[in-house]
Amino acid sequence: MGEVIARLAMSLDGYIAGPESGREHPLGIGGERLHSWVYGLRTFRQMQGMTGGDTGPDDDLIAEHVVRPGAVVMGHGMYITGEIPWGDEPPFHAPVYVVTHHARESLVKKGGTTFHFVTDGPGRALELAREAAGDKDVSLAGGADLVQQFIRAGWLDELLLHVVPVLACGGRRLFDDLGDQHIEWEKTQVLDSPGVTHIRLRAPHAVIAE
């Protein structure tokens with residue numbers, strides 16, 4: 001069985017989306033600043049059907065997290081905000097299990113992505129995603145509320161943060177609503193680039209496979 005992993009860009013003050021995120025502003029107002037470092041990378045450009053792009057350590061991290069997952073779990077809010085920008089061929093190329101209160105038929109897209117809408121809670125979505133992923137990992141795509149639920153439940157094994165040197169000063173924070181528990185993660189990798197610092201963290205329960 002694979003692991004449950006998440007990869008998120010975050011501002012210095014802890015936001016993963018700017019204010020008023022939604023269909024009109026999928027990343028929130030000003031939220032594109034959190035992702036500007038990735039737009040010129042070769043792997044990102046390939047995901048968008050483009051050629052060329054920069055290679056190197058930043059691109060290696062993105063490429064790794066493209067191939068690791070065999071399935072994806074996301075919240076309804078992220079699905080709604082991303083539905084229009086993703087278009088007919090979303091970048092997941094794997095089954096995606098959307099945690100929602102709105103039951104609907106599965107939605108098949110181009111490129112191997114199928115959205116399945118799970119109304120029995122995040123635990124059931126994770127169970128289905130693990131079955132679909134087999135020996136590969138399950139990627140937790142967000143949003144913030146769902147990531148917080150996974151952390152509280154102890155379901156998240158690895159978190160890769162791309163910390164961008166900007167202050168969002170509003171929007172959706174990643175680490176709100178975690179209760180009063182003390183959670184100590186293990187830092188396993190730090191990679192510093194001019195526009196972003198990558199920090200890979202292991203959850204307290206997670207054991208690195210030999």
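All values below were derived from every heavy atom in this structure, side-chain atoms included, with hydrogens, water molecules and symmetry-related copies excluded.
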Q: Please determine whether residues Leu61 and Val66 belong to a single hydrophobic cluster, defined as Ile, Leu, Val, Met, Phe, Trp and Tyr linked transitively by side-chain heavy-atom distances below 4.5 Å.
A: no

Q: Within the side chain of Arg33, is there an N or O that forms a donor-acceptor pair under 3.5 Å with the backbone of Gly30?
A: yes

Q: Rounded to the nearest 0.5 Å, what's the gap from OG1 on Thr81 to CZ on Arg172? Could you check?
A: 8.0 Å

Q: Is the closest side-chain heavy-atom distance between Thr197 and Val190 below 4.5 Å?
A: yes

Q: side-chain contact (heavy atoms from CB on, under 4.5 Å) for Leu201 and Leu161? Distances and angles first, verdict last.
A: CA-CA 8 Å; Leu201 302 166; Leu161 292 176; 4.1 Å; yes

Q: Looking only at heavy atoms, what is the nearest atom pair of Lys109 and Pro90, with distance?
A: CB-CD, 3.5 Å

Q: Run the side-chain contact (heavy atoms from CB on, under 4.5 Å) check on Ile183 and Ile151 step by step: do they pass?
A: CA-CA 9 Å; Ile183 305 174; Ile151 292 175; 3.7 Å; yes

Q: For a side-chain contact (heavy atoms from CB on, under 4.5 Å) check, start with the C-alpha distance between Leu34 and Val166, then their side-chain angles and the critical distance, and finish with the verdict.
A: CA-CA 8 Å; Leu34 301 179; Val166 301; 3.6 Å; yes

Q: Under the salt bridge (charged side-chain N to carboxylate O under 4.0 Å, His left out) rule, what do Lys136 and Glu3 come out as? Steps first, then yes or no, please.
A: CA-CA 7 Å; Lys136 301 192 74 174; Glu3 296 190 317; over 6 Å; no

Q: Would you kindly say whether His93 and Thr113 are connected by a side-chain donor-acceptor distance under 3.5 Å?
A: no

Q: State, with a plain yes or no, whether a side-chain heavy atom of Gln48 is found less than 4.5 Å away from one of Arg45.
A: no

Q: So which atom in Ile16 and which in Ala9 form the shortest heavy-atom distance, rounded to 0.1 Å?
A: CG2-O, 3.4 Å

Q: For a 4.5 angstrom cut-off between non-hydrogen side-chain atoms, does Val72 reach Pro95?
A: no

Q: Going by heavy atoms in the side chains, are Tyr79 and Leu107 under 4.5 Å from each other?
A: yes

Q: With a 4.5 Å heavy-atom cut-off, do Phe150 and Leu126 have their side chains touching?
A: yes

Q: Around Asp135, counting heavy atoms of other residues, nucleotides and ligands shown, do more than 12 lie under 6.0 Å from its CG?
A: no

Q: Measuring from Leu167:CG to Tyr15:OH, what's the distance to the nearest 0.5 Å?
A: 10.0 Å

Q: May I ask you to decide if Leu174's main-chain N or O and Gln148's side chain share a donor-acceptor pair within less than 3.5 Å?
A: yes

Q: So does Cys169 get a backbone contact from the side chain of Asp13, meaning a donor-acceptor N/O pair under 3.5 Å?
A: yes

Q: Working to the nearest 0.5 Å, report the span between CD1 of Ile80 and OG1 of Thr100.
A: 7.5 Å

Q: Looking only at non-hydrogen atoms, find the nearest pair between Pro69 and Ile5 and report the distance.
A: CG-CD1, 4.4 Å

Q: Using a strict cut-off of less than 4.0 Å between a Lys/Arg side-chain nitrogen and an Asp/Glu carboxylate oxygen, indicate whether Arg7 and Glu64 qualify as a salt bridge.
A: no

Q: Report yes if some heavy atom in the side chain of Leu8 is under 4.5 Å from a heavy atom in the side chain of Val147; otherwise report no.
A: yes

Q: Could you check if a side-chain atom of Gln149 sits within less than 4.5 angstrom of a side-chain atom of Leu140, using non-hydrogen atoms only?
A: no

Q: Find out whether Met47 and Thr43 are in side-chain contact, i.e. whether some heavy atom of one side chain is under 4.5 Å from a heavy atom of the other.
A: yes

Q: Nearest heavy-atom pair of Ala129 and Val73: which atoms, and what distance?
A: CB-CG2, 3.6 Å

Q: Can we call the ring centroids of His76 and His102 under 6.0 Å apart?
A: yes

Q: Taking the six-membered ring for Trp and the full ring for Phe, Tyr or His, determine whether the centres of Tyr97 and Phe117 are under 6.0 Å apart.
A: no

Q: Could you pull out the closest heavy-atom pair between Thr55 and Asp59, with the gap in Å?
A: CA-CB, 3.9 Å

Q: So if you build clusters from Ile, Leu, Val, Met, Phe, Trp, Tyr with side-chain heavy-atom gaps below 4.5 Å, do Met10 and Leu160 land together?
A: no

Q: Decide, yes or no, whether a salt bridge links Glu127 with Arg124 under the criterion of side-chain N to carboxylate O below 4.0 Å.
A: yes

Q: Which pair of non-hydrogen atoms, one from Leu191 and one from Pro57, has the smallest distance, and what is that distance?
A: CD2-CB, 3.5 Å

Q: Do His198 and Asp58 have side-chain N/O donor and acceptor atoms under 3.5 Å apart?
A: yes

Q: Checking His162 against Ile62 for the side-chain contact (heavy atoms from CB on, under 4.5 Å) test, could you report, in this order, the C-alpha distance in whole Å, the side-chain angles of both residues, the deciding distance, and whether it holds?
A: CA-CA 11 Å; His162 308 294; Ile62 300 302; 4.3 Å; yes

Q: Would Val164 and Phe44 show up in the same hydrophobic cluster when neighbours are defined by side-chain heavy atoms closer than 4.5 Å?
A: yes

Q: Should Arg200 and Glu158 be marked as a salt bridge (charged side-chain N to carboxylate O under 4.0 Å, His left out) after you check the CA-CA gap, both sets of side-chain angles, and the distance that decides it?
A: CA-CA 7 Å; Arg200 193 190 303 265; Glu158 180 183 286; 3.0 Å; yes

Q: In terms of hydrophobic clusters joined by side-chain contacts under 4.5 Å, are Tyr39 and Val196 together?
A: yes

